[in-house]
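Written below as structure tokens is the structure these notes are about.
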Amino acid sequence: MNSFRKILGILAFILLFINQLQAQEKDDITAEVFVFKNVNVLPMDREEVLEDHHVIVENNRITRLGPSAEITIPQGAVEIEGRGRYLMPGLAEMHGHIPGEDQVQYAEDVLFLYIANGVTTVRNMLGTKFQLQLRERVRKGELPGPTIFAASPWLSQEAIPTPQAADNAVREYKSTGFDLLKIGSLEPETYKQMAATAHEIGMPFGGHIPEAVGLAGALEARQTSIDHYDRYVEFLVPEEAKQGRSNGFFGSGIIGLIDRERIPLAIEKTLEAGTWNVPTLSLIEHLANEEEAEEMIKRPEMKYMPKQVLDGWVKFKNDYVQRDDFQPDDTAKLVEFRRELTKKLHDAGANIVLGSDAPQFFNVPGFSIHHELEMMVNSGLSPYEVLVTGTKNAAEYFATPEEFGTIQPGRRADLILLNSNPIEDISNVKDRAGVMVRGEWYPEEKISEKLQEIEKRNRGN
Ligand SMILES: [Zn+2]
């Protein structure tokens, strides 16, 4: 009897063992392994091109890379031809917008427009619980899209009228699962309480700066990010010089009055605060350029946008240029000033991340990041320096440099495969052979197919 039990025990053990083996085998089949073969790697943690490398991706992560002669390709790996091509980390759109629950299809299309253009991370700069749901669906692999960091609803004086309300809102948004607070208009005392609570519970806050708080106030409060260079112009115009003129769109109304001697002070204060800037140069450049709004919506990428969105952009530009306080010369000056500020902040070592603000004002998600890259280069940064703002810097902003932003073992497999070297010419970032998002591979043919679908959906509605 005893030995019978022993045999049963051994049998059970063997069965368990076989079962495990089968499970393991199944795992090996489902877990996709990719190799980018003989590719030139732009690791982005240093300005260097690693020639003729193999890069292995397993379980959605970069696991190994090295000179092709030194790396053994795992059996069964999907091989992606990299010879003559360049592999760089995916880009981050640090001022993006994902449409809301009333436009689910449009929201899903926007997510794809981002990844089609190599944008593998989006900081969604305004939202509700809907974007939190999208964030989860994308994370679980149920929906193709970039990794989402989601900002709260707009913190405005109307919604949050008192310091107590600010304290409550910050705690509520944190516990709801938002990644940061979107700052709009708040009274100075309310803003102060918001900042205090946010720092206490570790909640980043960014976006605009309330007028009465001003640049100095926001930097003193250690605002995490300033978007659109909000309030820099106002800081540089002495109060007595304003002569009752209105600020206009991001300071376009008073740009002629700035005291240039104060620029170093603005930069010094920014550095001291460690605050990030998200320039969104395109917003002002799209307003200041002499192109008619009706012409701008004929750009090739506009076919992926719903018609009512395009109509809204045309109306905004046409209405704005009619305003009494719109001075074309001043707007051109503002463009120049923002480029200069970008270069000066960068050279001083201030924190800058790439962001265009899409879909806003002629910025088609994903496509607009390529325009923004070119505008950043026009500010005097090298293509490499600009790419750092959209890769390594973005991961540092989120304090997760080990997660993405560079090509190193352990990083999430967010990658762009290019046919030409982007460090030689920033427009080569558009010369794609494919995009990998969290280990999911989208060759160019698959991207074009899906883009055509989106185009069809928007044509005629
Ligand atoms: Zn925005």
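Along the sequence shown, residues carry numbers from 1. Numbering of ligands and ligand atoms starts at 1, following listing order.
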Could you check which N/O/S atom of His95 is closest to the Zn ion (ligand 1)?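 Looking at His95, the N, O or S atom with the least distance to the Zn ion (ligand 1) is NE2.
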Answer yes if the ring centres of Phe205 and His199 are under 6.0 angstrom apart, and no otherwise.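 Ring centroids of Phe205 and His199 are less than 6.0 Å from each other.
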Please tell me whether Tyr232 and Phe337 form a close aromatic pair, meaning their ring centres lie under 6.0 Å apart.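 When the ring centroids of Tyr232 and Phe337 are compared, they turn out to be at least 6.0 Å apart.
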May I ask you to check if any N/O/S atom from His97 comes under 2.8 Å of the Zn ion (ligand 1)?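 It does: His97 brings an N, O or S atom closer than 2.8 Å to the Zn ion (ligand 1).
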Specify whether an N/O/S atom of Asp227 falls short of 2.8 Å from the Zn ion (ligand 1).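 It does not: Asp227 brings no N, O or S atom closer than 2.8 Å to the Zn ion (ligand 1).
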Going by side-chain hydrogen bond (donor to acceptor under 3.5 Å, both in side chains), name the pairs with one or both residues in residues 252-264, residues two or more places apart or in two chains.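 For residues 252-264, and leaving out neighbouring residues, the side-chain hydrogen bond (donor to acceptor under 3.5 Å, both in side chains) pairs sorted by first residue read Arg260-Glu340.
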Pairing residues for Ser156 by the side chain to side chain contact (heavy atoms under 4.5 Å, CB included) criterion, not counting sequence neighbours: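 Ser156 satisfies side chain to side chain contact (heavy atoms under 4.5 Å, CB included) with Trp154, Glu158, Ala159, Ser185 only.
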